[in-house]
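Take a look at the structure set out below.
Bear in mind the structure is a predicted one, so any value in this text is a computation, not a measurement. Convention: sequence-line order gives letters A, B, ...; per-chain numbering from 1.
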2 protein chains.
Amino acid sequence: MADWEAMLAAAGFRITEPRRAVIEALARAERPLSPEELLERAQPEHSRLGLVSVYRALNLFARLQLVRRVHHEDGCHGYMLASPGHTHAIVCQRCGNTAEFSVEGDVQAVVERAQAQTGYRVSGHMLQLFGICPACERAEH
Amino acid sequence: MADWEAMLAAAGFRITEPRRAVIEALARAERPLSPEELLERAQPEHSRLGLVSVYRALNLFARLQLVRRVHHEDGCHGYMLASPGHTHAIVCQRCGNTAEFSVEGDVQAVVERAQAQTGYRVSGHMLQLFGICPACERAEH
DNA sequence: CTATCTGCAAAAAGTTTGCATGTTC
DNA sequence: GAACATGCAAACTTTTTGCAGATAG
């Protein structure tokens, strides 16, 4: 039984064809996808699939932390499968490819400095990097 | 002459009433505002103001880095005046208030670790913290 | 068999564009 | 006065909702 199925079941949700189609399309994806793109890629798997169900599946998965929302500075976002544990995404500004990384201790320093400067009690963070992936780097030269 | 006027002029844009109304509403704001909210707050200043001009002003200001887009995990965003220099925002999850902080060196460690882990060349980042502001902290107890 | 989920259509948000008029420089 | 910016209406895009029928447990 796949991990996501256990997660859904544990939270009292059902394992359905549309949800499976969406999550498998995400698993195959090489970069974050928009709901529209996901629909296209998931339809071969479940031809009756509608865009609405993609949205509903994504919102559910995001709530359960099975998928991650990927933002860009100007706001539009895509979805990618989230690795278990606490990781962040880095997006290639040229090709859109994405990788994940984890920075346990280093973020702690940032959080502490921010708390000292602002007096806020920090409870969460959103960190995302932008850059150029190795493949694009090579292509540029 | 206000700083934003100099910035606009230097970039070849005009100082207009709608733009002034929007930026002054932002200056008065105690938290990030949506375009719709900004319209309401800027209209007293310039009654003919339309929502479209708010959008156009915000897009321009964002391009010139005069305002910062503030994201939430689920994507919707607001706008706030950007401090000069490189700062980040922390948003209170209870009341929406926002503060800025800067973490020069500490982010560098994060960037280096990410580069080492992913092989990407990092060129930018989006870091935003969430938490509870001092006022809400007090109110809770 | 029952509660949950889906798909459709339609509504609701949110954002952008075309164009005639008004403003800034 | 010329170029730029505005405001309106309307188009477009993106996301949500209502509901009858389908499906998982």
Using a 4.0 Å heavy-atom cut-off across all strands, classify A:R48 as base, sugar-phosphate, or nothing. sugar-phosphate
Touch class at under 4.0 angstrom, heavy-atom based, for B:R19 against every strand present: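 Counting heavy atoms under 4.0 Å across all strands, the contact made by B:R19 is with sugar-phosphate only.
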In whole Å, what is the span from the [atom1] atom of [X] to the [atom2] atom of [N]?
X     : N      : atom1 : atom2 : answer
A:R20 : C:dT6  : CZ    : P     : 12 Å
A:L60 : C:dT4  : CG    : P     : 14 Å
A:L49 : C:dC5  : CG    : P     : 16 Å
B:R14 : C:dT24 : CZ    : C1'   : 5 Å
B:L8  : D:dC4  : CG    : C1'   : 12 Å
B:E37 : C:dA13 : CD    : C1'   : 14 Å
A:I15 : C:dT4  : CD1   : P     : 15 Å
A:F13 : C:dA3  : CZ    : P     : 17 Å

So does A:E40 get a backbone contact from the side chain of A:Q43, meaning a donor-acceptor N/O pair under 3.5 Å? no
Report yes or no: does A:R19 contribute a side-chain atom to a donor-acceptor pair with the main-chain N or O of A:R14 at less than 3.5 Å?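 Yes, the answer is positive, given that a donor and an acceptor are paired below the 3.5 Å cut-off.
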How far apart are the closest heavy atoms of A:M126 and B:F130, and which atoms are they? CB-CE1, 3.9 Å
Members sharing B:I132's hydrophobic cluster (side chains within less than 4.5 Å): none
State whether B:S53 places a side-chain N or O below 4.0 Å from either non-bridging phosphate oxygen (OP1 or OP2) of D:dT6. no
Is there a side-chain contact between A:H46 and the phosphate of C:dT6, meaning an N or O under 4.0 Å from OP1 or OP2?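 A:H46 to C:dT6 OP1/OP2: no side-chain N or O under 4.0 Å.
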Can you check side-chain hydrogen bond (donor to acceptor under 3.5 Å, both in side chains) on B:R68 and B:T87, steps first, answer last? CA-CA 10 Å; B:R68 166 204 310 293; B:T87 62; 2.6 Å; yes
Under the side-chain hydrogen bond (donor to acceptor under 3.5 Å, both in side chains) criterion, do A:H125 and A:H88 qualify, and how do the steps go? CA-CA 10 Å; A:H125 59 264; A:H88 297 276; 3.2 Å; yes
Go through D:dG7, D:dT17, C:dT23 for me and flag the one nearest to the B:P18 side chain.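 Side chain of B:P18 sits closest to D:dG7.
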Compare the minimum distances between each of C:dG7, C:dT24, C:dT23 and the side chain of B:E17, then state the nucleotide with the smallest one. C:dT24
Between N or O atoms, less than 3.5 Å apart, protein on one side and nucleotides 14-16 of chain D on the other: list the pairs.
residue: D:dT15; atom: OP2; partner: A:Y55; partner atom: OH; Å: 2.2
residue: D:dT15; atom: O5'; partner: A:Y55; partner atom: OH; Å: 3.2
residue: D:dT16; atom: OP2; partner: A:N59; partner atom: ND2; Å: 3.4

Count the heavy atoms of every other residue, nucleotide or ligand shown that sit under 6.0 Å from CD of B:Q65, and state whether that count exceeds 12. no
